[in-house]
Amino acid sequence: MHLLPTQEEVVRVLRETGALRDGHFEYPSGMHSNEYLQVPLAMRYHQHARTLSVGLSRLLRANTEIRAIIPELSIVAPATGGLPVAYGVCEALRARQVYWAEREDETRPMRFRQYLEQHPGEQVVLVDDILRSGSKLSEMKTLLESHGATVVGLAVIIYQPTPDTRNFGSLPLYYLAKLDARYYADAAHCDLCRRGAKLEKVWV
Ligand SMILES: [Zn+2]
């Protein structure tokens, strides 16, 4: 595999590890889809995690503005799924630090660990395994900015846009592969339901 894996190589790794699945899936939001992706299934194998993280770090390094601030850069993940990616990218770039936010339960806002504070003028690359709706990344960006940090880029292994994906404006977005699943708003609008395909409910 090359230093920058191709879309086909990334998809092959995802399929071989069971991270990318074909079928008929229902998300917690009620949305149905023909494809489901759980990137941590691929990231449990260190060599794959390394290949994907190093590939992503090379895309970031190619941005001259980001390259210039690497020694001071924070790599921040909005949830645990992004952690192996964040550490892999930080190691490959030799960036300054990695941290993440979490929430006690789904009804509470995201927060950082106690005593973790952004330093004045801190610059951040937001990293996650996947960009689908973008709601977590968007919440994370707002949280960081409210603490005085500046988000300079967004990097994910997989970009799988849905009809509701947030718009991050002019923020540079980096990804190794783009997947175009078919999405249906709910069961009533789902072709797969109409054909009687067996339905699996997914957790996230
Ligand atoms: Zn369906």
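In this chain, numbering begins with 1 at the start of the sequence shown. We count ligands from 1, going down the list as the structure has it; atoms in each ligand are counted the same way.
- Between Tyr36 and Phe25, the angle of the ring planes lies from 30° to 60°, which puts this pair in the tilted group.
- If you count the protein N, O or S atoms nearer to the Zn ion (ligand 1) than 2.8 Å, you get 4.
- Considering every non-hydrogen atom in both Pro28 and Trp203, the closest pair reads CG-O, 3.2 Å.
- Cluster partners of Phe168, by chain and number: Val76, Tyr99, Met110, Phe112, Leu116, Val124, Leu126, Leu131, Leu137, Met140, Leu143, Leu144, Val151, Leu154, Val156, Tyr159, Leu171, Leu173, Tyr175. The rule joins Ile, Leu, Val, Met, Phe, Trp and Tyr whenever side-chain heavy atoms lie under 4.5 Å apart.
- Ion pair Asp22/Arg15 flagged as a salt bridge, since at least one NZ, NE, NH1 or NH2 atom sits closer than 4.0 Å to an Asp/Glu carboxylate oxygen.
- The pair Lys141-Glu145 counts as a salt bridge, with a side-chain nitrogen and a carboxylate oxygen less than 4.0 angstrom apart.
- Atom CD of Gln38 and atom CG of Asp129 lie 7.5 Å apart (nearest 0.5 Å).
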